[in-house]
Amino acid sequence: MSVATLSHWQSGRRRPERRESLRVLAVLEEVLAVPSGTLVAGPPRPRGPGRQGQRRVAAAVVWPGEPQVPPLLGEVDAEDEFLVRLSHQDLVRLGPDGAERSWLVRLVLRAARSGVSRLPVVSVLDGPHPTGQRLRPIRHCAVGEVRYLPEFGSMVAVLVLDRVLDRGDVIMVEYELLNPPGTVRSVRAERKLRFPVREYFIEVDFDPATLPATCRWRAVTEATTARGGPLRLDDAGTAQFALSNAAPGTYAVHWDW
């Protein structure tokens, strides 16, 4: 259990509700020699329309094929439900070997409440890797907690914003995920969204020495059946698409070599 998590519990910013968290509290009660239930007492944190946050799709729904992600996310989950996504841009770069080299992310966010300063990041490689991705903060953020499972190539981290936001504040956050050498050849770039995004954009930048034979986009959300269509590479060897009012779901660019 991290010191940051205990601090959030103590300040009341978050409440322990997960089964693992309640077990931790039971142990702390023994250590502190206080009556059983002292630290757990109190009504559950309210959820639903009365809260200021957005509806957040459960991690298990967003990552059904990666059951290792939700437990990791639960360890570092931050205040992302109070950050409205005004814009989300992804720039994916591939090397001459056809493997992903980097994933640059630019977000424009508006705080739905005061006191927000943390943003979780999830990254899953196409296969296991001993060292995993490197998270590089670029603008208005720093790297906080990081959890990585090498047997799955899955990483969950927290970006700490460079200031605590007041309600209504807007911030542009930029960071980059750098893939390690030895990753496998890619056939898709996939973005999982747990929240609606007003403007979503993705660009896949292929190396001129290794261009795909075909390229297409695909979107799958709760409200609609799968949508998609072909994408044309421009003269610079990039494939791009954008959507307005993107609902929570999976958005991807697929290609064939």
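Quick note: residue numbers are just sequence positions, from 1.
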TODO: Say whether V108 and F82 are linked into one hydrophobic cluster, either directly or through other cluster members, by side-chain heavy-atom distances under 4.5 angstrom.
DONE: no
Open item on the list: Side chains of L125 and F152, heavy atoms from C-beta outward: is any pair under 4.5 Å?
Closed with: no
Open item on the list: Other residues, nucleotides and ligands only: do more than 12 of their heavy atoms fall within 6.0 Å of CZ on R216?
Closed with: yes
Open item on the list: To the nearest 0.5 Å, what is the distance between CG on L165 and CZ on R113?
Closed with: 11.0 Å
Task: side chain to side chain donor-acceptor pair (under 3.5 Å) evaluation trace for D90 with Y200 - done: CA-CA 8 Å; D90 287 324; Y200 176 68; 2.7 Å; yes
- [ ] Please determine, by modelled atom types, if Q133 and S123 share a side-chain donor-acceptor pair under 3.5 angstrom.
- [x] yes
- [ ] Take R118 and E145, measure what salt bridge (charged side-chain N to carboxylate O under 4.0 Å, His left out) needs, and give me the verdict at the end.
- [x] CA-CA 10 Å; R118 291 158 57 86; E145 303 136 88; 2.8 Å; yes
Task: S154 versus Q68, side-chain donor and acceptor atoms under 3.5 Å - done: yes
TODO: Determine, for E100 against R185, whether the closest basic-nitrogen to carboxylate-oxygen distance falls under 4.0 angstrom.
DONE: no
Task: Distance-only side-chain donor-acceptor flag, T183 / N179, under 3.5 Å - done: no
Open item on the list: I want to check something: taking the side chain as every heavy atom from C-beta on, are V116 and D169 in contact at a cut-off of under 4.5 Å?
Closed with: no
TODO: Please step through side chain to side chain donor-acceptor pair (under 3.5 Å) for the pair T214 and D256, ending with a clear verdict.
DONE: CA-CA 5 Å; T214 61; D256 301 300; 2.7 Å; yes
Task: Centroid separation F206 to W255 less than 6.0 Å - done: yes
Task: Criterion side chain to side chain donor-acceptor pair (under 3.5 Å) on E199 and S87, from CA distance to verdict - done: CA-CA 5 Å; E199 296 291 341; S87 174; over 6 Å; no
Open item on the list: Would a single hydrophobic cluster contain both V253 and V187, if residues Ile, Leu, Val, Met, Phe, Trp and Tyr are joined by side-chain heavy-atom contacts under 4.5 Å?
Closed with: yes
TODO: Find out whether the Lys NZ or Arg CZ of R191 is both under 6.0 angstrom from the six-membered ring centre of Y251 and within 45° of the ring's axis.
DONE: no
